[in-house]
Amino acid sequence: MGQQSVPTPSVTLPSLPPPSASSSESGGGCQVRCAGCKMILTVAPGLTEFVCPTCQLPQMLPPELMPQQQRSSALAHGIDPTKIQLPCAHCKAILNVPHGLSRFSCPQCGIDLAVDVSKIRQFLPQSSSHPAALRPPAPPLPEEEVNEVAIEVEREEDEGGMAGETFMDYRPPKLSIGPPHPDPIVETSSLSAVQPPEPTYDLTIKEDLENSKTLSCLQIETLRHLQFLPNGTRAGFFVGDGAGVGKGRTIAGLIWENWHHDRRKALWISVGSDLKFDARRDMDDVGAMCVEVHALNKLPYSKLDSKSVGVREGVVFSTYSSLIASSEKGRSRLQQLVQWCGPEFDGLVIFDECHKAKNLVPEAGGQPTRTGEAVLEIQARLPQARVVYCSATGASEPRNMAYMVRLGLWGAGTSFLNFRDFLGAMEKGGVGALELVAMDMKTRGMYVCRTLSYKGAEFEVVEVPLEAKMQDLYKKAAEFWAELRVELLSAGAFLTDDKPSSNQLWRLYWANHQRFFRHLCISAKVPAVVRIAKEALTEGKCVVVGLQSTGEARTEEAVSKYGLELDDFVSGPRELLLKFVEENYPLPEEPEPLPDESVKELQRKRHSATPGVSFRGRVRKVAKWQTGDQLSDEESDKFALGIFLAAEFVLLSTADSEYESTESDDDEFQICDVCSSEEERKKLLQCSCCSQLIHPACLVPPVTESVSADWCCHSCKEKTDEYIQARNAYVAELSKRYEGALERRSKILDIIRSLDLPNNPLDDIIDQLGGPEKVAEITGRKGMLVRAANGKGVTYQARNTKDVSMEMVNIHEKQLFMEGKKLVAIISEAGSAGVSLQADRRALNQRRRVHLTLELPWSADRAIQQFGRTHRSNQASAPEYKLLFTNLGGERRFASVVAKRLESLGALTQGDRRAGPSLSAYNYDSSYGKRALVMLYRGIMEQDPFPLVPPGCSADIPDAIQDFILKGKAALVSVGIIRDSVLGNGKDSGKLSGRIVDSDMHDVGRFLNRLLGLPPEIQNRLFELFVSILDLLVQNARLEGHLDSGIVEVKATSVELQGTPKTVHVDNLSGASTILFTFTLDRGLMWECAYALLEEKQKDESSSTNNGFYESKREWLGRRHFLLAFEGSASGMYKVFRPTVGEALREMPLVELKDKYRKLSSLEKARRGWEDEYEVSLKQCMHGPKCKLGSFCTVGRRVQEVNVLGGLILPVWGTVEKALSKQARQSHRRIRIVQIVTTTDNQRIVGLLIPNAAVEAIWHGFKMLTNERSVIKFLYQEYMISIPCKSDLRKILFSLINLMEMLSRMVVQNLDSNRASCNILENLWTNTHEMI
């Protein structure tokens, strides 16, 4: 019994002979362990039930210690003696399984289970030692057996399949005007399966467009802003066309159309101020020369329509940065724009490159961006505006769609109350749910997404192995960073409390650590970039190199430090390291120089500053404060002397400069402080330091001569000398420590300078490809280093010249590249936004572009934008993309981040996640990646065994695995993953121990970041093990049917639509329908087709001898199963074809094939078996005629019915999800998106797969949903459309609609049982009508 498998039960049936209980028969009772507190209890003879005296847990003796008569008669609670007791393979609950039942679901955890009776016969009664009366009669063995082949086929059906064709040729389905687009345009196969609504709007400028042919047919296919959302705001539109399709002209056409409807004001918000010139060009192209384009950043903060500014109509072009800007007086640009538009503004608001507004709802711990909040606010303050979202990457993941409030995907009248609910459903539904979002938006008429065909474009991932010199340098750098970490830990021990916190130091350390090794990885690829670029130039092509960082900051720091003329180009890694060590190395406080003071002055200051306290008493007090009374008085004196004297020195410097005499006015007679005898004042000596009066004869030795006025006693003189000596020693020790730290820092800086670290990649590539005269630089930096004419040294100079301003330098460089004067261009994100570098037919340089990605951007948005620079409309040839990676495992961290975004980006913006460039192999930061990391860490920490053998090890050599674990621990200690490490002693000598904090256990990003700082050998071994564990987890998830495959294609030999599709729901807003399709599928493979496949394979002389027909070694229900197998894509793997279901999705290993099947030498035997199984599978599943699921079971059935819910899905999402959650079969409970194509007319349908058993429940749910929304539809049609565009009135009605929606749901839920509830709704209708 197991999940899709047949394990052996581990329970003992009551009828088996019990073990002897000698302890209980001896008369002294028996000893058992309490099930609660684990105490050893002695149970009296004959006592079977008892209560633990310690934990008070009621319990009973285990079955093996029960008296024999009770074992036979008194069964445990819940045991049914007429059934077999077997444990669930998933939750381990003991189940009462009826005899004959072989397939069922566990009532506790819901997992699908199967029983193989042939494997539990050993547990059935065999012995006759017990009386027959003590056990139930043996039931007859069931006729049905578990079919292992059926389980295998069922798994494949649960997994689904992978969709075939990704793109389809595109032409507007509802539009016939306009010329065709100059380049092939495609749409993803999933989006092509749905159609937009019928257009109801006629263009005013249609004739002008047809005559001028300035816009293609797909650019004319835009939106109709006639619809309103239930909340009273005007519905928006999302133009998600790919880079280069021509979104700029589409926007210009929209503005020109609205201009003809007297909507003379428009807002165009984009990413850069220089794109204003492109906007002006696009407006001129569509014939709108009379429409002014005003750059907001050039205008004052006063009212735009005032006499001083004079902007009364036209297009105000703003950047997202300007949108959140404000003046010194506090007036904001956003307020300025809202005032210019006015409260009843119904013109266009264009959010061009709207992905800049993402992160409005950040991940946990983040803060919303000001840009996202501003975009949301301006939409709220202009409710009647015609909003257009425009970007090829507007929704790289569902979280980034929060600002698209005008699409109506959440809120009133939808299945999602707010954006949080929508986001939760999308994350729960996986990639398939994201694909449905794009399809739904197109069905409602609020979304278009076309992209240039990638036909002819080539994508290649180029792995660049490290050269020997770079590999040696990388190893030295990794060792240096590890030593630097130890040095910083040691130096930090001398820091005092007023130094910066160590947390800040380590944040900077790891940030620079990651940046340093990323620089190294980029520099390691420079030779390959230069080599590929030169090869491309030789072949008559031109080159575009894409990177993100230019190293400008490091260059400017070096120039300001060393001057404008340098010996060589600046090394980014070296300058980064030097800056980090210089600014952050922990230095003790530098001691101040000692003042030149006399002994008498020090004595006076000390006694005036601390009167009445002895010197040694003050020392002891400070010592106890510093050491916590852990030292003796003598030790305390020595320990605290330096600390005290330093503090004493500060007190002395602040003492009062005037010393007041303590002499009494009556100075005739005074008392000697030594002998206490009275004497005339003039005969006593007074200490100038402590002011004591002493007889000259009382001193030792006595004073016989006259003394000066600054005389001091012997005691004060000794104490002052001690103070000066200790103070000098303390300051000398501080100086020694400070100078030692300076020396250590200086040595570290010298080591850094001695490392042969690579130069700045940007400067290096430009220099090796011919210098600035041959390479066009389109970046955001202002200056660059240029090699001198004599080849010795480099000079820093500005990028612009006298003839070209800094603002126009990138445009000038682009023009030189497009004219062919420079055949290499290097672009960065900062300088290339909106730049077109394709092989434009209008340009002189029409060479094919070779686009080299030296540094992959951090986000998919930026990656797609960079790819779009060289793949655009009207190009003579498609580009070649080469993505360069080193063979270092850690560098794939950077690909991992983008791959995760690209996967969902393709799903959202194009309806098919396979539409983006394929980097899915690098997506490690997933749920499976986190599980793989935990298994890796637990294996290295020796908490669990590895799920597979580490690379470079053998299962037969345990010492090799132990050596790998030891090296892995040491590596993780060096990069701070394993903390509190201790090297063992004694029997654990040489073993490392430590801990990994919980936050690090699942942090794949941190693991990959830190992995970069390891030497290449151990870095690659750890990464290879991590990826192997990840592949194993993904493979297991795929076999168990848990892997989210997105849209999968249902393949069959014959697919026919059965009957007329049924409309089950109609959307109130757009009129789009939700339709239920029923298909008849024949998946079988006839003998003639199978034999033809084998003959075709046998024509290849190199084909495997294992190709051929096979039959199963076991029989099920008196039959054997047949299949055709031939060598697949990988060595040792074989494609499998079955007569019942055709080609299997999973390739079978040769070992498994030979274990379960034997090859047939007789073609006649193979033909008879094949044709027999083909005929039987027409009406019968693989479980046989007595299958418990009956006609609902489709496992191995050749002909079956499939239900697909197509059309508009999001409004009915909750209803479908609720119905599927009640299904018995685990795989039927999750939402699965499928694509199916009819074989007769090639009709393509994409939608939710609905199991046959769930159709009735979904029908009932749709009926309830229709009743609930009928009220909203009535209100919308009766009142909302007819109300004038008054915002306040619409808000009032919106509140009433929300209340009506809530009450209507209450009424519908009680409609059958309480008709009186309808009175509430009727009264509210009447009151609403009277109010309006």
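Hydrogens, waters and symmetry mates are skipped; everything else that's a heavy atom, side chains included, is used.
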Any carboxylate oxygen within less than 4.0 angstrom of a Lys/Arg side-chain nitrogen, looking at [X] and [Y]?
{"X": "K247", "Y": "D241", "answer": "no"}
{"X": "E880", "Y": "K541", "answer": "yes"}
{"X": "R281", "Y": "D278", "answer": "yes"}
{"X": "R849", "Y": "D840", "answer": "no"}

Which heavy atom of [X] sits nearest to which heavy atom of [Y], and what is that distance?
{"X": "L254", "Y": "V388", "value": "CD1-CG2, 4.1 Å"}
{"X": "L407", "Y": "R444", "value": "O-NH1, 4.3 Å"}
{"X": "S877", "Y": "Q846", "value": "OG-O, 4.3 Å"}
{"X": "A288", "Y": "W256", "value": "CB-CE3, 3.3 Å"}
{"X": "C354", "Y": "Y403", "value": "O-OH, 3.0 Å"}
{"X": "K534", "Y": "T538", "value": "O-OG1, 2.7 Å"}

When you measure from the side chain of [X] to the backbone N and O of [Y], does any donor-acceptor pair fall under 3.5 Å?
{"X": "D352", "Y": "S391", "value": "no"}
{"X": "R406", "Y": "R386", "value": "no"}
{"X": "R848", "Y": "A878", "value": "yes"}
{"X": "E257", "Y": "I205", "value": "yes"}
{"X": "E463", "Y": "F885", "value": "no"}
{"X": "N810", "Y": "T779", "value": "yes"}
{"X": "Q838", "Y": "S873", "value": "yes"}
{"X": "Y389", "Y": "I350", "value": "no"}
{"X": "D764", "Y": "I766", "value": "no"}

Q) For S836 and R872, does a side-chain donor sit closer than 3.5 Å to a side-chain acceptor? A) yes
Heavy-atom check, side chain of [X] versus side chain of [Y], under 4.5 Å:
{"X": "Y320", "Y": "T371", "value": "yes"}
{"X": "T853", "Y": "L884", "value": "no"}
{"X": "R249", "Y": "V245", "value": "no"}
{"X": "V529", "Y": "Q768", "value": "no"}
{"X": "I269", "Y": "V375", "value": "no"}
{"X": "F237", "Y": "V387", "value": "no"}
{"X": "V850", "Y": "K882", "value": "yes"}
{"X": "C449", "Y": "K442", "value": "no"}

Value rounded to 0.5 Å, distance of [atom1] in [X] from [atom2] in [Y]:
{"X": "T886", "Y": "L466", "atom1": "OG1", "atom2": "CG", "value": "5.5 Å"}
{"X": "L191", "Y": "R450", "atom1": "CG", "atom2": "CZ", "value": "11.0 Å"}
{"X": "L769", "Y": "L823", "atom1": "CG", "atom2": "CG", "value": "11.0 Å"}
{"X": "Q875", "Y": "T870", "atom1": "CD", "atom2": "OG1", "value": "8.0 Å"}
{"X": "L537", "Y": "I532", "atom1": "CG", "atom2": "CD1", "value": "12.0 Å"}
{"X": "E777", "Y": "L816", "atom1": "CD", "atom2": "CG", "value": "13.0 Å"}

Q: Please report the C-alpha distance between V543 and L852 in whole Å, then the side-chain angles of each, then the deciding distance to 0.1 Å, and finally whether the side chain to side chain contact (heavy atoms under 4.5 Å, CB included) criterion is met.
A: CA-CA 7 Å; V543 179; L852 306 178; 4.0 Å; yes
Q. Can you say whether the rings of F317 and W268 are parallel (under 30°), tilted (30 to 60°) or perpendicular (over 60°)?
A.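 Correct class here is tilted.
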Q: Classify the ring geometry between Y447 and F238 as parallel (under 30°), tilted (30 to 60°) or perpendicular (over 60°).
A: tilted
Q: Please lay out, stage by stage, how M404 and L409 fare under the test side chain to side chain contact (heavy atoms under 4.5 Å, CB included).
A: CA-CA 9 Å; M404 297 184 179; L409 298 176; over 6 Å; no
Q. Side chain to side chain contact (heavy atoms under 4.5 Å, CB included) between N874 and R842: does it pass, once the steps are laid out?
A. CA-CA 8 Å; N874 200 36; R842 296 168 295 184; 3.5 Å; yes
(Q) Between L837 and I827, is the side chain to side chain contact (heavy atoms under 4.5 Å, CB included) condition met? List the steps. (A) CA-CA 10 Å; L837 298 175; I827 61 175; 3.6 Å; yes
**Q.** Which residues share a side-chain hydrogen bond (donor to acceptor under 3.5 Å, both in side chains) with S322, sequence neighbours left out
**A.** T319
Q: Output all residues satisfying salt bridge (charged side-chain N to carboxylate O under 4.0 Å, His left out) with R171, sequence neighbours left out; order by chain, then residue number.
A: none
Q) Pairs in or reaching into residues 809-827: which pass salt bridge (Lys or Arg N to Asp or Glu O under 4.0 Å), with residues at least two apart or in two chains? A)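 Listed by first then second residue: E813-K822, E819-K821.
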